[in-house]
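Quick caveat, the model's predicted, so the values are computed rather than measured.
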Amino acid sequence: MLFGKLTAIRGNQVVVKLDDELNQYKLAKWANGKQPTVQLLMDDGRTISPDQRKKIFAMLNDMALYTGYTPTEMEDEMKFLYYSHTGAEKFSMADCSVNQANKFLTFLLDFCFKFGVPFKTRTWDMIPGSYPKAMQCLRHRQCVICGKLHSDIDHFTPVGRVSRKLVDHRKLYFECLCREHHTERHQMGAKSFIEKYHIRPIKLSEDDLIALHIMTRKRMDEIDEGMI
């Protein structure tokens, strides 16, 4: 499936600028020696948008590459899991609602974060801004900028020279960065760094702070009771 933007209409002819270069060999193979035909779907705001469809198929292609399934098999498999986990009715990627597409995309993203399915750089950059990527990156130790695994949990809020065991981390903001981007962040300074990459450091819940071994429940209770 190819995606692009409509740039011109001339009578019954349209001009579309594709997002990716067209592979003539693949096109000939798909057409099986026949004159290629195309289907033009216009986004009217009521059903799944081309952008949503593009992001979902990019996710499914990454998952298929990682698992060994074909993209079609991967779509069927993930839809089955989605139906069984959510109780949703069956839907088609051709004409489902915008809301349904968003829910399925979120399900795919959550699945990949949970099971460590790697993203291609292009797919990583396509993750919607509305998706809580920063939180998932912290929980799964993936760099919020490039997606690299086993990254560092970085304090956006400086803690100074005070021992980190004495700090109330519930008041601080965090981001997850690989070693390369962590080093760049210190070289550039926090403000310039977040302006360059358009990221938003976040606070962690008490449960997440405990799960990530940043604080213990005992330490939180001591702070709350003034035992410091």
Exercise for the section: Can you sort out the partners of Asp110 under side-chain contact (heavy atoms from CB on, under 4.5 Å), two or more places apart, ordered by chain and number? Expected result: Thr106, Tyr131, Gln136
Exercise for the section: With sequence neighbours excluded, tell me which residues meet side-chain contact (heavy atoms from CB on, under 4.5 Å) with Ala101. Expected result: Ile48, Gln52, Ile56, Cys96
Exercise for the section: Using a strict cut-off of less than 4.0 Å between a Lys/Arg side-chain nitrogen and an Asp/Glu carboxylate oxygen, indicate whether Lys203 and Asp208 qualify as a salt bridge. Expected result: no
Exercise for the section: Using the test ring-ring contact (aromatic ring centres under 6.0 Å, His included), find all partners of Phe107 that sit at least two apart in sequence or belong to another chain. Expected result: Tyr82, His85
Handout entry: Within 6.0 angstrom of Lys79 NZ, more than 12 heavy atoms from elsewhere
Key = yes
Handout entry: Phe111: partners by ring-ring contact (aromatic ring centres under 6.0 Å, His included), with sequence neighbours left out
Key = Phe115
Fill in the blank from the handout: Those residues at least two apart in sequence (or on a different chain) that pass side-chain hydrogen bond (donor to acceptor under 3.5 Å, both in side chains) with Lys191 are Glu195
Practice task
Check side-chain contact (heavy atoms from CB on, under 4.5 Å) between Thr72 and all other residues, then give those that pass, not counting sequence neighbours.
Solution key: Thr70, Asp76
Problem - Shared hydrophobic cluster, Leu81 / Phe113 (ILVMFWY, side-chain heavy atoms < 4.5 Å) - result: yes
Handout entry: Side-chain donor/acceptor of Ser192 to backbone N/O of Gly189, under 3.5 Å
Key = no
Problem - Residue list, salt bridge (Lys or Arg N to Asp or Glu O under 4.0 Å) with Asp154, at least two apart or on another chain - result: Arg185
Exercise for the section: State which residues pass side-chain contact (heavy atoms from CB on, under 4.5 Å) with Ile202; sequence neighbours excluded, sorted by chain then number. Expected result: Ala134, Met135, Leu138
Handout entry: Partner set under salt bridge (Lys or Arg N to Asp or Glu O under 4.0 Å) for Asp125, not counting sequence neighbours
Key = none
Exercise for the section: Keeping the roles fixed (side chain from Glu175, backbone from Pro201), state whether a donor-acceptor pair exists under 3.5 Å. Expected result: no
Problem - Residues forming a ring-ring contact (aromatic ring centres under 6.0 Å, His included) with Tyr83, sequence neighbours excluded - result: Phe91
Problem - Check: Arg141 side chain, Cys176 main-chain N or O, donor-acceptor pair, under 3.5 Å - result: no
Practice task
With sequence neighbours excluded, tell me which residues meet salt bridge (Lys or Arg N to Asp or Glu O under 4.0 Å) with Arg170.
Solution key: Asp168, Glu206, Asp224
Problem - Glu184 bridged to Lys196 by N-O distance under 4.0 Å - result: yes
Handout entry: His181/Tyr197 under ring-ring contact (aromatic ring centres under 6.0 Å, His included): CA gap, chis, key distance, verdict
Key = CA-CA 10 Å; His181 285 112; Tyr197 290 106; 5.4 Å; yes
Handout entry: Separation of Cys112 SG from Trp124 CH2 (nearest 0.5 Å)
Key = 10.5 Å
Practice task
Name all residues meeting the salt bridge (Lys or Arg N to Asp or Glu O under 4.0 Å) criterion together with Lys90; count only those two or more places apart in sequence or in a different chain, and write none if there are none.
Solution key: none
Practice task
May I ask you to check whether Thr123 and Asp62 show a side-chain donor-acceptor distance below 3.5 Å?
Solution key: yes
